[in-house]
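It should be emphasised that the depicted structure is a prediction, and the values quoted were computed from it without experimental measurement.
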Amino acid sequence: LNAADFAFVTDGVLWENEDKLTNTKISVNKVQLLGLDTLTRFRPFKTVGNYTIENELAWEYLTFELDATIEIQPSRASDSVIVNPGTTRVVEDVTIKFGVENLGAIASLLLAINQDLLESLQLGSLLQSEHLLKCLVSTLMHVEIPALSVFVGNVQEPTLQGFVSPGLDRVFSDSAKAAFQMYEAVLLQAAPAFFQIAVRDAINKRMEEELDKFVQGREGCPVVEVDVEVFSALTDSTDFVDFRDLLLEPEAAMAAGGSGTQPYGDVMATFMLQMTERFLNSGDDGLPKLNSALV
């Protein structure tokens with residue numbers, strides 16, 4: 001995530017304060033969202049409007065990891081107790097982690113898809129994995145998360161790591177721990193609003209920026225000409241689809257007698273490879289993995 005997408009981060013600055021003793025500034029360099037792979041519930045695509053679908057999701061936990069820079073220097077305020085502040089400055093690059101556990105969310109997704117553009121997409125473009133997402137996004141006129149209802153089971157205690165100075169490590173870590181103990185109940189109550197406002201707005205802003213690239217013509221769905229030259233040399237006719245080249249990886253297709261050049265793109269071959277590895281191959285019990293998935 002881009003730190004600038006969050007409303008509480010102004011020009012990369014998360015917090016800045018000058019008192020009688022010090023001038024302290026905390027700048028955010030990068031924000032990562034961890035735990036998306038701990039999904040425990042996924043009930044998607046419930047229609048709630050003409051262009052809106054609702055999705056219910058739940059995670060074991062979600063953690064925000066902020067790479068931040070803490071700068072501390074003597075105060076230059078008019079009421080500073082330091083007579084000659086000088087140019088001394090302490091800079092620490094740290095990692096701040098905080099998050100929530102047993103998180104449930106109901107997210108609405110509004111999609112305005114241009115029907116004419118969707119119907120004009122060529123199958124050849126959709127069969128290329130490098131163009132698939134680009135082509136689908138190019139049909140969107142508007143995308144937004146209008147509502148994000150969040151339910152939080154517990155708030156994780158924030159941690160700070162990476163301090164070089166043991167003194168600063170102790171001061172900031174103890175302060176964060178004390179603040180958490182004092183305001184844990186408030187944080188638990190405020191967490192849903194944080195996701196509904198800050199996180200939702202950040203996601204919407206990023207989606208709008210990405211969509212603008214397509215709307216303004218900087219990106220689009222390229223027209224892909226199917227390359228059948230090698231295929232023509234191997235067969236008497238190109239009027240029919242060779243399933244070896246459509247469904248197999250290049251080496252496997254060539255070994256089976258196909259051209260091995262993926263003249264129909266790589267989407268179907270990639271899909272079949274994933275299906276084979278996840279469901280059709282044998283598991284530890286010697287039976288297809290599909291059995292374990294169904295039982």
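- In this view, Ser129 and Asp266 satisfy the side-chain hydrogen bond (donor to acceptor under 3.5 Å, both in side chains) rule, not counting sequence neighbours.
- The side chain to side chain contact (heavy atoms under 4.5 Å, CB included) check on Ile145 picks up Leu109, Leu148, Arg200, Ile203, Asn204, Met207, with sequence neighbours excluded.
- Between the Ser75 side chain and the Ala77 main chain, a donor and an acceptor come within less than 3.5 Å of each other.
- Scanning all heavy atoms of the two residues, the minimum distance from Pro146 to Ser108 falls at CD-O, 3.1 Å.
- In this structure, Val199 and Phe194 have side chains that are in contact, with non-hydrogen atoms separated by less than 4.5 Å.
- The neighbour count for Gln274 CD, taken as heavy atoms of other residues, nucleotides or ligands under 6.0 Å away, is above 12.
- Panel note: side chain Thr52, backbone Gly49; no donor-acceptor pair is recorded below 3.5 Å.
- Interatomic distance, Leu66 CG to Ser27 OG, rounded to the nearest 0.5 Å: 11.5 Å.
- With salt bridges taken as basic N to acidic carboxylate O contacts below 4.0 Å, none links Lys205 and Glu208.
- Across all their heavy atoms, Gln196 and Ala147 have their closest contact at OE1-C, 4.1 Å.
- Annotation: side chain of Arg43 is not in contact with side chain of Asn55 (no heavy-atom distance under 4.5 Å).
- In terms of heavy atoms, Val241 sits closest to Tyr264 at CA-OH, 3.7 Å.
- One side chain, Asn29 or Thr69, offers a donor N or O that lies under 3.5 Å from an acceptor on the other.
- Atom CD of Glu157 is surrounded by more than 12 heavy atoms from other residues, nucleotides or ligands within 6.0 Å.
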message = I'd like to know whether Leu21 forms a side chain to side chain contact (heavy atoms under 4.5 Å, CB included) with Val81, so could you lay out the CA-CA distance, the side-chain angles of the two residues, the decisive distance to 0.1 Å, and finally the verdict.
response = CA-CA 6 Å; Leu21 186 61; Val81 297; 4.2 Å; yes

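- Separating the CG atom in Leu127 from the CD atom in Gln262 is a distance of 11.0 Å, to the nearest 0.5 Å.
- Checked by atom type and distance alone, the side chain of Arg89 never pairs as donor or acceptor with a backbone atom of Gln73 at under 3.5 Å.
- With values rounded to the nearest 0.5 angstrom, Asn23 atom CG is found 10.0 Å from Ile72 atom CD1.
- Under the 3.5 Å distance criterion, the side-chain polar atoms of Glu249 are left unmatched by any main-chain donor or acceptor of Leu273.
- Remark: side-chain polar atoms of Ser173 are not paired, donor with acceptor, to backbone N or O of Arg170 under 3.5 angstrom.
- Between Val155 and Phe180 the shortest side-chain heavy-atom distance falls below 4.5 Å.
- Donor-acceptor pairing under 3.5 Å is recorded for the side chains of Gln156 and Thr63.
- In this structure, the separation between CG on Asp116 and CG on Leu121 is 11.0 Å, given to the nearest 0.5 Å.
- Annotation: Phe45, atom CZ; neighbour count of heavy atoms from other residues, nucleotides and ligands within 6.0 Å does not exceed 12.
- Side-chain atoms of Trp59 come within 3.5 Å of backbone atoms of Leu36 as a donor-acceptor pair (strictly under, hydrogens ignored).
- Side-chain contact check for Asp245 and Ser259: at least one donor-acceptor pair (N or O, by modelled atom type) lies under 3.5 Å.
- Looking only at side-chain heavy atoms (C-beta outward), Leu117 and Met141 come within less than 4.5 Å of each other.
- Using a 4.5 Å cut-off on side-chain heavy atoms (C-beta onward), Val150 and Val152 make contact.
- Annotation for Asp174: atom CG counts as buried by contact number, over 12 foreign heavy atoms lying within 6.0 Å.
- Residues Phe151 and Asn102 are not in side-chain contact: their nearest non-hydrogen atoms beyond the backbone lie 4.5 Å or more apart.
- Between Lys46 and Glu56 no salt bridge is recorded (no basic side-chain N to carboxylate O distance below 4.0 Å).
- Every residue two or more places apart in sequence or in another chain that forms a side-chain hydrogen bond (donor to acceptor under 3.5 Å, both in side chains) with Glu101 is listed here: Asn154.
- Residues Leu110 and His142 meet the side-chain proximity criterion, which asks for heavy atoms closer than 4.5 Å.
- Across all their heavy atoms, Leu126 and Leu136 have their closest contact at CD2-CD2, 4.3 Å.
- Under a cut-off of 6.0 angstrom, the local environment of CD in Gln115 is sparse, with at most 12 non-hydrogen atoms contributed by other residues, nucleotides or ligands.
- Side-chain atoms of Lys97 and Thr95, non-hydrogen and from C-beta on, do get closer than 4.5 Å to each other.
- Remark: Glu60 CD to Leu62 CG distance equals 10.5 Å, nearest 0.5 Å.
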